[in-house]
2 protein chains.
Amino acid sequence: MTDGPNENRDAPKEDISSPNVKLEEIARAAGVSPSTVSRILNGSARVLPEKQRAVEEAIARFNYRPNVLARSLASGRTATIGVLTQAVSSPFYAEWLRGIEESLYEPGFTPIFVSSRWNLDDEKARLEELIARRVEGVILLHAQLDEPSLAEYARHAPMLVLGRSLHNGPALAGLPIDNLKGARDATRHLIEEGHREIAFIAGPSSHEDAIERLDGYRIALEEAGIGFDAGLVEQGDYLETGGLAAMERLMARRPTFSAVFCANDQTAYGARLAMFRRGVRVPEDISLVGFDDLPTSSYMTPPLTTVRQPTFEIGRLAAQGIVQMIRKQSISLSPVPLTLVTRETTRRIAPPASSGAQPG
Amino acid sequence: MTDGPNENRDAPKEDISSPNVKLEEIARAAGVSPSTVSRILNGSARVLPEKQRAVEEAIARFNYRPNVLARSLASGRTATIGVLTQAVSSPFYAEWLRGIEESLYEPGFTPIFVSSRWNLDDEKARLEELIARRVEGVILLHAQLDEPSLAEYARHAPMLVLGRSLHNGPALAGLPIDNLKGARDATRHLIEEGHREIAFIAGPSSHEDAIERLDGYRIALEEAGIGFDAGLVEQGDYLETGGLAAMERLMARRPTFSAVFCANDQTAYGARLAMFRRGVRVPEDISLVGFDDLPTSSYMTPPLTTVRQPTFEIGRLAAQGIVQMIRKQSISLSPVPLTLVTRETTRRIAPPASSGAQPG
DNA sequence: TTGTAAGCGTTATCAG
DNA sequence: CTGATAACGCTTACAA
């Protein structure tokens with residue numbers, strides 16, 4: 001069945017597929033209307049098998065690939081989800097991203113990653129760009145914006161904030177992470193191992209989770225009847241350099257302590273180096289505990305005892321959560337529990353003589 | 001100057017900005033035509049100051065944000081650049097991404113990150129998605145596709161491949177990284193320090209750079225008159241686990257060696273742990289050298305001697321390169337040189353008695 | 001089941 | 001300098 005008079009002679013080498021073929025050309029080549037091609041593309045209606053075949057053949061021959069922009073504009077759906085991270089290159093966020101990405105592909109969404117570099121203005125700017133891109137939902141990894149502002153942005157697309165507790169609603173929700181309990185468990189472990197003087201290198205006080213971790217440390221101490229001693233706390237910045245400097249200050253000040261609990265693993269890396277430089281052995285002289293369980297922490301020398309965040313799992317939860325929100329399904333987000341991973345940077349020590357510690 | 005009869009009474013609380021305002025509404029509110037609004041938005045023509053002001057005021061009041069999709073469809077420009085990475089969560093790629101992202105914002109492009117998980121089919125799929133999104137250019141971090149396939153994809157948008165040497169043209173170019181020289185330098189350093197039996201833990205043989213690193217190691221050995229000994233080479237996989245296993249095999253086989261050169265830092269982390277488990281001291285018993293200089297390598301215990309890749313800089317080069325290609329400007333990409341960073345996992349040893357080594 | 005035609009929200013070409 | 005008006009490439013009623 002031939003179409004027109006010279007239809008076949010006209011395009012001798014059409015399989016060379018010009019860079020950007022359009023739906024209309026496929027329709028023409030297959031001898032059907034544009035709508036039919038569209039239907040086949042979207043499976044939105046049944047089409048006669050022969051036309052189906054003709055269209056598919058044309059698509060393959062021309063190497064046709066629908067223009068996502070046009071498609072989204074026409075349909076009103078972009079099938080994209082914005083993922084705002086504070087720093088793409090942070091080893092910590094990397095795992096979250098992986099969990100998010102993997103779980104997003106299945107329901108058919110494409111993540112668009114942007115990063116705000118721990119900067120509030122950047123955070124706003126990136127968020128607006130995502131909205132301008134008409135993402136259908138947004139996952140924020142540690143937003144700095146306050147709740148009212150988030151709610152305002154959430155009017156455009158549902159948002160899920162990781163590591164934050166919010167008044168959850170259909171458009172804005174937070175997936176809190178139980179940092180306090182994690183820090184308390186880690187500190188308790190140290191106490192159970194006989195440590196009484198435990199130093200702490202804190203994270204930036206502007207971070208909610210850093211504060212929670214400090215609180216967990218303090219509470220464990222108080223619960224054990226040891227009491228919080230501000231003299232054992234040094235300020236870090238969640239980075240290796242900060243941990244190194246803080247540990248140096250701590251050692252220079254010479255308070256007595258047998259263990260150091262760091263607000264995150266990167267801080268612990270820095271502290272570890274400071275001790276190595278001074279010839280302080282871990283864990284023989286000082287026990288060390290981190291927080292996060294970064295992939296490399298189990299390869300430290302010795303392997304680091306730390307609080308594990310199920311990062312990949314958190315990513316999955318976030319991805320599933322935002323998809324449900326987009327689908328207007330209600331979701332319930334319970335705080336993610338963290339678990340202590342006991343490795344080799346902590347050791348039991350004999351408690352110094354008697355003290356007021358209670359049994360059990 | 002009033003517009004219509006009840007224009008003002010009609011919208012009492014329009015500043016509540018409905019989720020998605022469109023250009024047309026701004027035009028109406030400002031009393032101008034859509035084209036004028038568009039002109040102001042793009043600065044594509046001069047407009048009377050008063051209209052300019054009226055429009056800007058309306059934009060602010062309605063909190064209007066142009067629809068990127070519509071804009072791109074109409075203009076044919078998306079101002080996006082696809083960045084295909086093998087693994088978003090790899091600590092190695094993270095730094096490249098940062099360099100790329102930072103240098104892309106300035107020329108006004110937005111990166112779209114996707115990852116192919118070291119899988120060829122995924123690589124193709126992600127690339128097609130990027131093309132369907134009409135990105136204006138693509139940066140690939142270690143493509144697995146062969147050159148003809150890359151060239152085919154490059155017909156849609158210019159592509160720049162990091163870590164690969166290609167026949168550079170206007171649409172497809174590679175930014176090679178001098179892995180061979182880096183590996184040779186590292187091996188030479190070990191030789192200069194007196195080591196003669198140097199083991200090597202290789203990367204996956206499917207990776208071009210892994211092969212180059214092995215070659216560099218071999219060449220340095222041969223140049224020094226030591227000769228390559230396959231018995232000193234173990235297979236790794238660029239991951240910590242592979243390094244750990246390889247080192248264990250190596251130690252179990254008991255060939256004599258005083259140093260181990262690992263194809264990348266992650267491998268070295270694994271090897272380090274294997275040695276720690278066996279009580280083998282670094283560098284007193286065995287010297288260790290890595291490759292890449294990941295951010296945490298300088299915080300290892302002891303800090304790792306390794307070959308530094310100027311990752312952030314490479315990211316910059318890539319970003320600038322792809323932008324130039326998009327602008328049809330010619331670019332010249334010279335191989336990126338790597339430098340050895342001598343830290344504390346290597347030590348000088350007394351060469352065992354005499355040997356055929358030449359002076360100098 | 002299939003085709004026609006009217007958008008989707010902007011930009012861009014032309015007159016004026 | 002500004003306003004109609006026609007694209008941009010696809011989806012989607014509405015008819016047939």
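Atom set for the values below is all heavy atoms of this structure, side chains included, hydrogens, waters and symmetry mates excluded. Convention: sequence-line order gives letters A, B, ...; per-chain numbering from 1. On a predicted model such as this, the values are computed, not experimentally measured, just so you know.
- Between the P atom of D:dG9 and the CZ atom of A:R65 lies a distance of 16 Å, rounded to the nearest Å.
- Here chain A contacts DNA chain C (any atom closer than 4.0 Å to a heavy atom, that is under 4.0 Å), and the contacts span C:dT1 to C:dG9 from 5' to 3'.
- Mapped onto DNA chain D by nearest heavy atom, B:L48 and B:L73 fall at different nucleotides, with B:L48 at the one closer to the 5' end.
- Whole-Å rounding puts the A:E24 CD to D:dC8 C1' distance at 12 Å.
- When heavy atoms are screened at a 4.0 angstrom cut-off, A:R134 is found touching no nucleic acid atom at all.
- Mapping B:Y64 and A:V47 onto DNA chain C via the closest heavy atom, the residue that lands nearer the 5' end is A:V47.
- Nucleic acid contact for A:P66: sugar-phosphate only, since backbone atoms but no base atoms lie under 4.0 Å from a heavy atom of the residue.
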Test B:E129 against B:R126 for salt bridge (Lys or Arg N to Asp or Glu O under 4.0 Å), laying out the working first.
-> CA-CA 5 Å; B:E129 286 170 15; B:R126 294 295 94 72; 3.2 Å; yes
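- The residue among B:V32 and B:A70 whose nearest nucleotide of DNA chain D lies closer to the 5′ end is B:V32.
- Residue-level contact check: A:S38 touches the bases, meaning some heavy atom is under 4.0 Å from a base atom.
- Classification of the A:F92-A:H142 ring pair by plane angle, with boundaries at 30° and 60°, yields parallel.
- To the nearest angstrom, P of D:dG3 lies 8 Å from CZ of B:R39.
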